[in-house]
J.: 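Submitted below is the structure of interest, expressed as structure tokens.
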Amino acid sequence: MANESFLNKAESGNKTFGTIVISYVLLALLGAVLLSFEPMRTKPIAFIDLFFTTASAVCLTGLITANPAVDFSVYGQGVIMGLIQAGGFGYMGLAGLLFLLIGKKMDFKNRVLLKESLDYPNLQGIIKYLKKILLFTLAIEGIGTLILTLHFLPSMPLKQAFWAGLFHAISAFNNAGFSIFESNLMDYRDDLVVNLTICILIILGGLGFLVLSECYNYRYNARLSVHTRIVLIATAICIVLGVVVILLFEWDNPKSMGNLDWFHKFLSTFFISVNLRTAGFNTIDMASLHDQSLFFSSLLMVIGAAPGGTAGGIKITTVTLLLFYAYCTLKDKEVVLFQRAIPEPILKKSFLVFIITMFYIIISVMILSATDDTQNKHFLPLLFEICSAFGTVGASTGDGGNLSFAATFSHFGKLYLVVLMFMGRVGVLVFSMALVRKSKTRSVRYPEEGVVL
């Protein structure tokens, strides 16, 4: 299965990929319609901003053009939380759970859709895997809710503490970054319990269900796959690298963390580094960071976290394989990781994902610079916002208040970011295959000719 060409997955047509993309779009539209009802809001909100909010929730991004804390009622917040949970499971994941509840078997077509939606490697054991996802999700979110509720309880009534704990636990585990506190988590910058709980939930969600499942079963089968090893090691490296680089650039910056003691500098930097994996919570105003920190953060957001979970971006496994492929090519040797040779089709897929991603980001920066930064004053914040949308991160330099920089965009700019969020959530390759019609197979073989490089 691993040696199968990745393009062969599209032999049945691109309907599978199109269905996945359309399901997320329809879910976001349904959420926007629900939020348009008056009991859901505390003030009138344009439909484009409602759709942006629900798309951000379904795609687990966290960019906001309307503040969930003050612009929506508790009912509206409940809709947003439900969309976040639905986005974490995926449309087909929810459909699969429904089939399980009513005791009906899924047909082959729906199993294929479920496999692609969950980034599962094959059809065998897909239903058992779905049950594990449900158990992991309920257990981890439940523990997170309990810890946060008990911690909020001294400063809030029980119902409010529980609601805040539940909402932030679901948002964190699904790497969404939505908060029902007006200034996100900036009021909890020095709170060790909130920082560590949110970060652990983000990391667990970003590892992906495949990795969580293997780690859980490690006591029975004392072996981890190459995929899991890559994810665990590369995740740790990226988090540590983020901490080191941002600390290096921001240590003496009085606008960000220059006035903090060394412990809270490390705590704030760790929180930023973890959230740049694919969650958009913030305890420090991102606009206060130096340009070099914002640019480096943009790179981390594009990388994203692991496949098979709640992450966006090009995925950490793709970047790892590309780096090893470049290294091994320079050394003129086979690509081998943990005493396992990496199949060539997977390396080709990694390269294709990287090239398509760079194309989309470059084109997006050019387009939005022309439409929403006509005076050329906000190039880096614009790049940061684009990378945040594509990586489904949600971090933003802000609009000067409590909203994302996207709040200053035109209707076209907001819709363009919505497209980037859908692209990052379903995967750049799946999104592209849904758009591009598969060419007919030809039996003609053409003669080869070299090209000078």
J.: What is the ring orientation for Phe412 with Tyr416, classed by angle as parallel under 30°, tilted 30 to 60°, or perpendicular over 60°?
T.: tilted
J.: Can a donor-acceptor pair be found, under 3.5 Å and without considering hydrogens, that links the side chain of Ser213 to the backbone of Leu210?
T.: no
J.: Just wondering, more than 12 heavy atoms not from His290 lying within 6.0 Å of its NE2?
T.: yes
J.: Any sub-3.5 Å donor-acceptor pair from Ser56's side-chain atoms to Phe52's backbone N or O?
T.: no
J.: Would you say Thr320 and Phe324 make side-chain contact, with heavy atoms under 4.5 Å?
T.: yes
J.: How long is the span from the OG1 atom in Thr317 to the CG atom in Leu337, to the nearest 0.5 Å?
T.: 11.5 Å
J.: So how far is it from Leu322 CG to Ser350 OG, rounded to the nearest 0.5 Å?
T.: 5.0 Å
J.: Counting C-beta onward and ignoring hydrogens, is there a side-chain heavy-atom pair between Ile314 and Val319 closer than 4.5 Å?
T.: yes
J.: Which value, rounded to the nearest 0.5 Å, describes the distance between His151 atom NE2 and Leu192 atom CG?
T.: 8.5 Å
J.: Which is it for Val244 and Leu241 under the side-chain contact (heavy atoms from CB on, under 4.5 Å) test, yes or no, and what are the steps along the way?
T.: CA-CA 5 Å; Val244 171; Leu241 183 64; 5.5 Å; no
J.: Would you name the heavy atoms of Ala305 and Gly206 that are closest together and state the gap between them?
T.: CB-O, 3.3 Å
J.: Working note: Leu415 + Ile48, criterion side-chain contact (heavy atoms from CB on, under 4.5 Å); need CA distance, chi angles, decisive distance, verdict.
T.: CA-CA 8 Å; Leu415 285 175; Ile48 179 65; 3.5 Å; yes
J.: Does the gap between the ring centers of Phe181 and Tyr188 come in under 6.0 Å?
T.: yes
J.: Between the main-chain N or O of Phe263 and the side-chain N or O of Asp261, is there a donor-acceptor pair closer than 3.5 Å?
T.: yes
J.: Using side-chain heavy atoms (C-beta onward) and a distance below 4.5 Å, is Ile84 in contact with Leu60?
T.: yes
J.: Is any side-chain heavy atom of Arg277 closer than 4.5 Å to one of Ile316?
T.: yes
J.: Thr137 and Gln85: side-chain contact (heavy atoms from CB on, under 4.5 Å), yes or no, with the steps?
T.: CA-CA 9 Å; Thr137 300; Gln85 191 71 83; 3.6 Å; yes
J.: Checking the side chain of Arg425 only, and the main-chain atoms of Tyr24 only, is there a donor and an acceptor separated by less than 3.5 Å?
T.: no
J.: Do you know the tightest heavy-atom contact between Ser388 and Leu63?
T.: OG-CD2, 3.8 Å
J.: Between Asn175 and Thr392, is any pair of side-chain heavy atoms under 4.5 Å apart?
T.: no
J.: Is it the case that more than 12 heavy atoms not belonging to Tyr325 sit under 6.0 Å from its OH atom?
T.: no
J.: Any idea how Trp163 and Phe167 line up, ring-wise: parallel (<30°), tilted (30 to 60°), or perpendicular (>60°)?
T.: tilted
J.: Closest approach of Pro68 and Ile80, non-hydrogen atoms and distance?
T.: CB-CD1, 4.2 Å
J.: Looking at Thr54 and Ala28, would you say the former's side chain and the latter's main chain have a donor-acceptor pair under 3.5 Å?
T.: yes
J.: Check whether any side-chain N or O of Ser171 sits under 3.5 Å from a backbone N or O of Gly177 as a donor-acceptor pair, and report yes or no.
T.: yes
J.: Using atom types as modelled and distance alone, determine if a side-chain donor or acceptor of Glu250 lies under 3.5 Å from a backbone N or O of Met257.
T.: no
J.: Are the side chains of Phe354 and Met358 in touch, meaning some heavy atoms are under 4.5 Å apart?
T.: yes
J.: Just verifying a value: how many Å separate Ser73 OG and Glu38 CD, rounded to the nearest 0.5 Å?
T.: 10.0 Å
J.: From Asn174 CG over to Thr61 OG1, what is the distance, rounded to the nearest 0.5 angstrom?
T.: 12.0 Å
J.: Does any non-hydrogen side-chain atom of Thr53 lie less than 4.5 Å from one of Ile64?
T.: no
J.: For Asn253 and Ser256, does a side-chain donor sit closer than 3.5 Å to a side-chain acceptor?
T.: yes
J.: Tell me if the OH atom of Tyr327 is crowded by more than 12 foreign heavy atoms within 6.0 Å.
T.: no
J.: Using modelled atom types and a 3.5 Å cut-off, is there a donor and acceptor pairing between side-chain atoms of Asn184 and backbone atoms of Ser179?
T.: no
J.: Within the distance-only criterion (no hydrogens, no angle test), does the side chain of Thr269 pair as donor or acceptor with the backbone N or O of Lys265 below 3.5 angstrom?
T.: yes
J.: Do you know which two heavy atoms are closest between Ile198 and Leu185, and how far apart they sit?
T.: CG1-CD1, 4.1 Å
J.: Under the ring pair (Phe, Tyr, Trp, His ring centres under 6.0 Å) definition, can you give me all pairs with a residue in residues 371-392, not counting sequence neighbours?
T.: His378-Phe405
J.: Got a donor-acceptor contact below 3.5 angstrom from the Thr283 side chain to the Ser268 backbone?
T.: no
J.: Below 4.0 angstrom, N of the basic side chain to O of the carboxylate: do Arg41 and Asp71 qualify?
T.: no
J.: Restricting to non-hydrogen atoms, name the atom on Ile272 and the atom on Ile246 that form the minimum distance, rounded to 0.1 Å.
T.: CG2-CD1, 3.6 Å
J.: Without hydrogens or angle criteria, can the side chains of Thr65 and Asp49 be said to hold a donor-acceptor pair below 3.5 Å?
T.: yes
J.: If you take the centroid of each ring, where Trp contributes its six-membered ring, are Phe72 and Phe178 closer together than 6.0 Å?
T.: no
J.: Distance from Phe409 atom CZ to Asp373 atom CG, nearest 0.5 Å?
T.: 8.5 Å
J.: Show your reasoning for whether side-chain contact (heavy atoms from CB on, under 4.5 Å) applies to Val245 and Gln292.
T.: CA-CA 9 Å; Val245 172; Gln292 56 268 36; over 6 Å; no
J.: Is the closest side-chain donor-acceptor distance between Asp372 and Ser410 under 3.5 Å?
T.: yes
J.: If you define the side chain from C-beta out and look only at heavy atoms, does anything of Thr149 sit under 4.5 Å from Leu166?
T.: no
J.: Work out which heavy atom in Gly401 is nearest to a heavy atom in Asp399; give both atom names and the distance.
T.: N-OD1, 2.9 Å
